[in-house]
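Since we're looking at a predicted model, the values are computed, not measured. Along the sequence shown, the residues carry numbers beginning at 1.
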Amino acid sequence: MSILNRIVETIAHVMPDREQDELSQAHRFLGQPMNRLNGREKVTGAAQFSAEYPVDGLVHAAIAYSTISKGAIQAIETSAAEQAPGVLKVITHLNAPQMKAASPFSAGSDPSSGTTLVRILNTDQISWNGQPVAVVVADTEDRALHAASLIEVTYTATRGMNSFEESIPHAKKPKDVLGEASEVTKGDADGILKNAAHRVDLAFTTPPHNHNAIEPHAAIAIWAGTEKVTIYDTSQFTIGTAYTIAEVFGLKKDDVRVISPYVGGGFGGKGGIWPYVQLCVMAARMTGRPVRVALTRKGVFRQVGGRTPSQQRVAIAADASGKFQSFIHEGVTAQSTENHFPEQFSFPPRHLYAMEAYRIGQVVTEVNRVANTFMRAPGESIGTFAVESAIDALSYELQMDPIELRMRNEPEKDPVSGNEFSSRYMREAYRMGAQKFGWKDRPAAVGVQHDGDWKVGQGVATGTYPVYRMVTAARVRISADGTALVQTSCQEMGMGTETVQTQHAAERLGLPMEKVRFEYGDSTLPAAGVAGGSSQTVSVALAVGEAADKVVKELLALAQKNGDSVLAKAKADDVHAAREGIFRKDHPAVGETYAAILQRAGKGFVEADHKTGAPMEIMKYSMHSYAAQFCEARVHRVTGEVRVSRFVGAFDTGRILNPKTAVSQFRGGIIMGLGMALTEETMFDNRTGRIMNATLADYHLPVQADVPRIDIVYTDVADPHTPLGAHGIGEIGITGVAAAVANAVFHATGKRVTSLPITLDKLL
């Protein structure tokens, strides 16, 4: 059973096998390296993010957090906070209104974006260190923060499960992993491994990671009376947030409006609703004033979840030719005691390599920590680190080139499902990447390259990420002045959504781009799926394309009501959108502009809506994006310092719709992968469950000096089974990167690092 059985509508709407949309090959706007349409607004500060909207009478809220990971509030002293200058209200579990718990995340017909089952401020029970215990509303942000620091809480603490390692003996097999079986098997994988001539059997660990988008989470809530609320939120899922707030506060769905056009980085951390949104809405209702909550960096760490830790085992057996005879990938991840998200690290080998026998699966354990959630390429990013490091180790066991070993195990069909691949050009990606990187010049021997005090090595790894498409609705309107308006509730997180969808609509409607306006980021617009799973571009494109085609048909029918029209006898198949109107395919000069059709009919505009059906094509085919990641790393022989000196990413991701924004996405993913490989790690105090490095001074992200030249190449071959032939690209960039770095480090030093991040202490 696919993940999509859970996260999209299951209404049957098969995307028919047909000739690929002609726009998958068009090159008027699509496929061209267009500048971002909102680039100037962003770099000049004109683009408004959630905390920046000017609101009359705005007051500010700050949150006080628990300092234990499990137990109960025995007493809470708020008098000092209440008497502090500028304070309007102090809210705790003792005076907060009753609210419903948010439903777990779902992108189906009843979308919701809940991240935790904890009854925020409606309980005295504590489930993690950092759980909100009070909200202070004051006339300024500084006064609110100061007053929140004056609240004193007495707890009855009980022993929480703070340590991931200590929780592992209690791990259980989950019912499923994001809709797929928690374990898949074929043949006697253990027996074959035991008797194999060539094998590796390695253990890997990856640490927790936290989201650190350039824009911290923030929200503004404005009530109209007590039954309607408008929220400016840092959200990747306006519809899900609106539905969830309506559920929590017992409102009608149409009485909640969420506005979030610009999101300053998301990566999954803004896909769900975290406590600050609910508390902001509650505080605004209780005070009768517009309220803003802007989380500090520490606040983001305390109440916004990130990536789970993992322990993984990868054991591979191969014959002398390198063919995989047995493949075992198993291990454990953690999730909070109050959510259900077993990060799917076991997914990559299910789709990457031909295997005679396999056992692939995972178990999950519970810890008293903030709820973990989606973080760029959840599962695949940490899963490929283990799998691709083990394959690299096997290549040395076989004395075979690491790329050659992978190519000898390229499957003809999906190894587990048996489905045909919708599109797979892995060999071509490796060929392009190897040529760009200069792989042929890499010596096979380990530890033989030196540059002064630096040991030099080169490594490679495969990346993979699924193709998802979410149920999405869009509206296209063409006005009598010849302009088009395209509307859907999706988000712009920096990936270039506005630009690409404007390119697409202009191409499809035969309009110049300056005559198309794309309106988005508002829950009152036609409902788009979550901007997650690298799904937004293809999901919106299908909806926009279908709505645009409907509009053109309506305009043709409108033109044909006039018997004198040159289109009077034209059939739908005889015409197409071109030159700002509808023209015959066989006689390109014969037709009418949209403006002429509407003006003659006396209409101000014509519009059409379309809602896509469930992505049944993903049930039929094995659909994935692929990467071949090439890294050159240098390790200082004295200090153990690691520097990445060169990187090449080669991608097979269907058709590239805008090379300029796509390359930016690929590079951004690789840079995030470098952080995963070398610097990022959330450190928990296992005595209290407290995050110890909850600042950007202590949680180390890669900076400019850490990032080398990154070259990008791609196949640009359209997938015949996806809208516009495209795949999502937001997450494929990070997959395989950590393994490529680790493999380069091994090639330089002979030391196989199996625990992330690769810090100097592991190399001394």
Side-chain angles (χ1 to χ4, degrees), residues 25 31 318 321-324 348-349 351-354 380 384 387-389 391-392 394-396 398-415 420-444 457-465 467 622-633 644-656 659 662-663 665-667 669-670 673 708-720 722 725-727 729 732-737 739-741 743-744 747:
Q25 303 301 331
S321 72
K323 294 292 183 67
F324 295 161
H351 312 291
L352 272 182
Y353 300 109
E380 280 78 11
T384 52
V387 167
E388 293 299 306
S389 294
I391 290 175
D392 191 70
L394 182 62
S395 74
Y396 289 97
L398 290 162
Q399 298 183 5
M400 184 179 296
D401 181 86
I403 297 178
E404 177 63 22
L405 176 58
R406 289 170 170 85
M407 294 304 97
R408 291 192 181 189
N409 290 282
E410 267 289 282
E412 294 183 5
K413 295 183 179 181
D414 187 284
E420 298 282 348
F421 292 111
S422 66
S423 174
R424 183 172 174 126
Y425 295 91
M426 192 74 255
R427 293 181 186 277
E428 179 64 8
Y430 262 106
R431 185 195 66 77
M432 295 172 69
Q435 181 178 4
K436 186 72 175 178
F437 187 77
W439 185 260
K440 65 180 177 59
D441 299 324
R442 170 188 180 271
Q458 295 82 29
V460 72
T462 300
T464 180
Y465 193 76
V467 173
S622 179
M623 308 181 81
H624 302 268
S625 288
Y626 304 101
Q629 309 280 25
F630 294 81
C631 175
E632 180 178 272
V644 174
S645 50
R646 285 195 299 132
F647 206 98
V648 172
F651 297 94
D652 175 36
T653 58
R655 188 175 177 221
I656 300 300
V663 167
Q665 282 285 286
F666 289 140
R667 284 201 180 105
I670 289 168
R709 176 185 175 90
I710 298 174
D711 290 311
I712 304 295
V713 292
Y714 45 80
T715 59
D716 198 20
V717 180
D719 185 329
T722 64
H727 290 183
I729 61 174
I732 184 61
I734 192 176
T735 64
V737 172
V741 175
N743 295 341
H747 187 237

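Taken from CE in Met400 to OG in Ser395, the straight-line distance is 9.0 Å, to the nearest 0.5 Å. If you take CD1 on Ile403 and CZ on Arg442, they are separated by 8.0 Å, rounding to the nearest 0.5 Å. For the atom pair Phe421 CZ and Met623 CE, the distance stands at 12.0 Å (nearest 0.5 Å). Residue Ile732 holds its CD1 atom at 8.0 Å from OG1 of Thr653, rounded to the nearest 0.5 Å. Here the OH atom belonging to Tyr465 is positioned 10.0 Å from the OG atom belonging to Ser625, to the nearest 0.5 angstrom. The line from CG of Asn409 to CD1 of Ile391 is 7.5 Å long, rounded to the nearest 0.5 Å.
You'll find the side chain of Pro402 reaches within 4.5 Å of the side chain of Trp439, heavy atoms only. Residues Glu420 and Ser622 have side chains not in contact (no heavy-atom distance under 4.5 Å, counting atoms from C-beta outward). Residues Pro443 and Gln458 meet the side-chain proximity criterion, which asks for heavy atoms closer than 4.5 Å. Looking at heavy atoms from C-beta onward, Asn743 lies out of side-chain contact with Val460 at the 4.5 angstrom threshold. In this structure the side chain of Leu405 reaches within 4.5 angstrom of the side chain of Phe324, judged on heavy atoms.
The main-chain N or O of Val717 is never found under 3.5 Å from a side-chain atom of Arg655 such that the two would form a donor-acceptor pair. Side chain of Arg406 to main chain of Glu388: a donor-acceptor pair is present (N/O by atom type, distance under 3.5 Å, no hydrogens or angles). Thr384 contributes a side-chain N or O that, together with a main-chain N or O of Gly736, makes up a donor-acceptor pair within less than 3.5 Å. Looking only at distances, no side-chain donor or acceptor of Gln399 sits under 3.5 Å from a matching main-chain atom of Ala444.
The minimum heavy-atom distance between Ala354 and Pro415, with the atom names listed, is N-CG, 4.4 Å. Between Ala429 and Ala650, the shortest heavy-atom distance links the atoms O-CB, 3.2 Å. The two residues Gly322 and Leu398 make their nearest non-hydrogen contact at CA-CD1, 3.8 Å. Closest non-hydrogen pair, Pro411 versus Lys413, comes out as CB-O, 3.2 Å. When all heavy atoms are compared, the tightest approach of Ala740 to Gln629 is CB-O, 3.7 Å. Closest non-hydrogen pair, Cys631 versus Ala744, comes out as O-CB, 3.6 Å.
Sorted by first and then second residue, the salt bridge (charged side-chain N to carboxylate O under 4.0 Å, His left out) pairs with a member in residues 423-439 read Glu410-Arg424, Glu428-Arg431; sequence neighbours excluded.
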- prompt: Can you check side-chain contact (heavy atoms from CB on, under 4.5 Å) on Ile670 and Ile712, steps first, answer last?
  reply: CA-CA 10 Å; Ile670 289 168; Ile712 304 295; 3.7 Å; yes

query: When you look at Val663 and Gln665, which way does the side-chain contact (heavy atoms from CB on, under 4.5 Å) test go after all the steps?
result: CA-CA 5 Å; Val663 167; Gln665 282 285 286; over 6 Å; no

query: When you look at His727 and Asp719, which way does the side-chain contact (heavy atoms from CB on, under 4.5 Å) test go after all the steps?
result: CA-CA 8 Å; His727 290 183; Asp719 185 329; 2.8 Å; yes

task: Report the C-alpha distance between Thr735 and Glu380 in whole Å, list the side-chain angles of each, state the deciding distance to 0.1 Å, and finish with yes or no for side-chain hydrogen bond (donor to acceptor under 3.5 Å, both in side chains).
output: CA-CA 6 Å; Thr735 64; Glu380 280 78 11; over 6 Å; no

side-chain contact (heavy atoms from CB on, under 4.5 Å) evaluation trace for Asp716 with Phe651: CA-CA 8 Å; Asp716 198 20; Phe651 297 94; over 6 Å; no

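Qualifying salt bridge (charged side-chain N to carboxylate O under 4.0 Å, His left out) partners for Asp652, counting only residues two or more places apart in sequence or in other chains: none. Every side-chain contact (heavy atoms from CB on, under 4.5 Å) that Pro659 has, sequence neighbours left out, goes to Pro33, Ile656, Tyr714. With sequence neighbours excluded, no residue satisfies salt bridge (charged side-chain N to carboxylate O under 4.0 Å, His left out) with Asp414. Not counting sequence neighbours, Lys323 has no partner by the salt bridge (charged side-chain N to carboxylate O under 4.0 Å, His left out) test. Legend: residues meeting ring pair (Phe, Tyr, Trp, His ring centres under 6.0 Å) with His747, ordered by chain and number and at least two apart, are absent.
In this structure, a donor-acceptor pair under 3.5 Å is absent between the side chains of Tyr626 and Thr715.
A cation-pi geometry, defined here as NZ or CZ lying under 6.0 Å from the six-membered ring centre and within 45° of its normal, holds between Arg646 and Phe437.
Two rings, from Phe647 and Phe630, have their centers 6.0 Å or more apart.
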